[in-house]
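Every heavy atom of this structure was used, including side-chain atoms; hydrogens, water molecules and symmetry mates were not. Quick note: residue numbers are just sequence positions, from 1. In listed order, ligands and their atoms are each counted from 1.
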Amino acid sequence: MLDTGLKVWNELKINLSSARIYLPEFLGVFLVFILSVFIFFFNNSSFYSIIAFITIIELAFMYFVGRKRRNELYEINEIINNIRKNVYSSSEEIVLSKNLSGLQETIKMMFEKSKSDIEYLKRLEKIRTEFLGNVSHELRTPIFAIQGYIETLLNGALNDENVNKNFLEKANHHTNNLNNLLNDLIDISMIESGEMRMNFRYFEIDPFLKTLVNELTPLAQEKNISLIYKSNNERLQLFGDKSKLRQVMVNLIQNAIKYSEQGEVSIVVEEEPKFGKIIVKDTGIGIPQEDVGRIFERFYRVDKARSREVGGTGLGLAIVKHIVEAHGSKIEVKSSLGKGSEFSFKLKK
Ligand code: ADP
């Protein structure tokens, strides 16, 4: 009941305040009306002539109000046309007469909103074009290389025992790169289009890491690098999407091995009151400070040639960042050039 009363009162207040716009016209006509009544009264005019006069006064009132309304509509129309023709560079240039100050604020807000939407779309378009450019470039490199080896083989090298196996191995290496690139592109487009389905649950981190380390040990051994994982708490359960976290860990461990010439790659789980912090540490080439902030960008590599040589696509860390952020966490990096790098992120306990 009280609510309805308040609503009616608020509506009345709004209507009264909009009616105030026509107050000067109303007062003017009202004055003329009073004057006329007096004149007719003293002149002893008939009732009909008073009615006729009141009608004239009403028509005059409607004319003044109508004229004002027409002018206001014209003003609004002009502002809309100016916005359509891109005349304004900032919302401050949008000025309506005092009567329309409420509307002026709304138009300004709409102008700012559409301006920021257009800028956002332009930025997206630029990112999309850059991405397509990068993808074509990345695809072209292995395809040209494979084409080159095959053509050389067909032009006679096939029968040259000294080079044929070597060329086939190189072509195979580039085919693997192409395959890695396509897989990463599928992942990144799934993630960015919002199609990545997450499946969160508690799982034991210890057997999860042990299995991963077993799988990746041969890769480390090929480079004489020791892959170390020591468990502190075999029962520790963390919350996350196990299969997506597997992708994160494989990427981080493979990178640690790829960008190390010797030494060790260690995996540590530090237990905090509410979180488990997973750390992948290496004693590899490290990352220059000026590049640390950029390595999570798509296709950003510190050393392009080296990355390609070791089968990198430049998309691994972008995928890692997306997945870690989908867990409500953040990926951290510490690196020292020539000494090694440390990547870490936290998961809820
Ligand atoms: P890539 O497929 O090239 O490895 P990533 O997105 O995984 O792409 O990594 C981006 C770049 O970050 C790499 O090209 C490399 O320059 C650098 N990087 C990533 N991990 C390491 C690491 N552990 N040590 C040194 N550099 C690294």
Side-chain angles (χ1 to χ4, degrees), residues 127 130-131 133-135 137-142 145 173-192 196 209 212-213 216-217 219-220 222-229 244-268 277-326 330-345:
I127 293 172
E130 271 174 19
F131 183 65
N134 279 328
V135 170
H137 178 76
E138 295 296 331
L139 285 172
R140 210 179 296 135
T141 313
H173 170 76
H174 287 287
T175 316
N176 286 335
N177 280 0
L178 203 56
N179 192 32
N180 292 342
L181 177 63
L182 289 177
N183 284 334
D184 279 358
L185 278 173
I186 292 169
D187 281 344
I188 206 119
S189 72
M190 288 263 285
I191 290 170
E192 295 191 356
M196 182 176 67
L209 290 178
L212 264 176
V213 166
L216 292 169
T217 297
L219 191 74
E222 275 174 29
K223 291 187 76 179
N224 267 332
I225 292 167
S226 17
L227 185 56
I228 306 165
Y229 165 62
K244 301 285 183 311
L245 288 169
R246 186 189 144 79
Q247 205 175 347
V248 167
M249 291 307 291
V250 168
N251 251 306
L252 292 179
I253 299 170
Q254 275 182 346
N255 273 355
I257 299 170
K258 273 187 327 198
Y259 300 108
S260 294
E261 294 305 340
Q262 34 84 46
E264 59 182 47
V265 171
S266 49
I267 297 143
V268 182
K277 184 175 177 184
I278 303 172
I279 307 166
V280 179
K281 225 188 276 189
D282 66 57
T283 51
I285 58 171
I287 304 161
Q289 273 318 299
E290 64 270 23
D291 294 304
V292 169
R294 300 200 60 190
I295 52 172
F296 296 98
E297 287 173 22
R298 296 178 302 194
F299 295 118
Y300 190 84
R301 291 121 148 175
V302 176
D303 180 344
K304 276 195 168 49
R306 185 184 184 120
S307 160
R308 280 209 192 94
E309 186 53 41
V310 292
T313 63
L315 290 172
L317 286 181
I319 295 171
V320 164
K321 183 172 182 268
H322 273 298
I323 297 177
V324 170
E325 286 177 358
K330 194 169 178 278
I331 180 115
E332 310 272 359
V333 198
K334 285 187 214 152
S335 190
S336 174
L337 201 56
K339 290 193 180 147
S341 311
E342 182 184 306
F343 288 77
S344 66
F345 60 96

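- Ser307 places no side-chain N or O within 3.5 Å of a backbone atom of Asp303 that could act as its donor or acceptor partner.
- For atom 23 (N) of ligand 1, the closest non-hydrogen atom on the protein side is Asp282 OD2, 2.9 Å.
- Nearest to atom 12 (O) of ligand 1 among the protein's heavy atoms is Ile295 CG2, 3.4 Å.
- No donor-acceptor pair under 3.5 Å is formed between the side chain of Asn176 and the backbone N or O of Gly311.
- No donor-acceptor pair closer than 3.5 Å links the side chain of Ser266 to the backbone N or O of Ile228.
- In terms of protein heavy-atom proximity, atom 14 (O) of ligand 1 is nearest to Arg301 CG, 3.1 Å.
- Annotation: Leu317 places an N or O atom under 3.5 Å from an N or O atom of ligand 1; distance criterion only.
- Summary of contacts: the protein heavy atom closest to atom 4 (O) of ligand 1 is Tyr259 OH, 2.7 Å.
- Nearest to atom 10 (C) of ligand 1 among the protein's heavy atoms is Tyr300 O, 3.3 Å.
- Remark: Lys258 NZ is packed, more than 12 non-hydrogen atoms of other residues, nucleotides or ligands lying under 6.0 Å away.
- At a 3.5 angstrom cut-off on N or O pairs, Lys258 counts as close to ligand 1.
- Set against the non-hydrogen atoms of Ser307, the atoms of ligand 1 under 4.0 Å away are 1 (P), 3 (O), 14 (O).
- Atoms of ligand 1 lying under 4.0 Å from any heavy atom of Gly286, numbered from 1 in the order shown and given with element: 25 (C).
- For ligand 1, the atoms lying closer than 4.0 Å to a non-hydrogen atom of Thr313 are 1 (P), 2 (O).
- The shortest contact between atom 7 (O) of ligand 1 and any protein heavy atom is with Asn255 ND2, 2.9 Å.
- Ranking the protein heavy atoms by distance from atom 26 (N) of ligand 1 puts Ile287 CG1, 3.3 Å first.
- A distance-only check finds a donor-acceptor pair linking the side chain of Arg301 to the backbone of Gly312 [under 3.5 Å].
- Residue contact check: Gly314 has heavy atoms under 4.0 Å from atoms 1 (P), 2 (O), 3 (O), 6 (O), 8 (O) of ligand 1.
- At least one donor-acceptor pair closer than 3.5 Å links the side chain of Gln289 to the backbone N or O of Ser335.
- When the options Val320, Leu317, Ile323 are evaluated for a side-chain contact (heavy atoms from CB on, under 4.5 Å) with Ile331, the one that passes is Val320.
- No donor-acceptor distance shorter than 3.5 angstrom exists from the side chain of Asp282 to the backbone of Val265, with no hydrogens or angles considered.
- Among all non-hydrogen protein atoms, the one lying nearest atom 16 (O) of ligand 1 is Val302 N, 3.0 Å.
- With hydrogens and angles ignored, the 3.5 Å screen pairs no side-chain donor or acceptor of Lys277 with any backbone N or O of Ser344.
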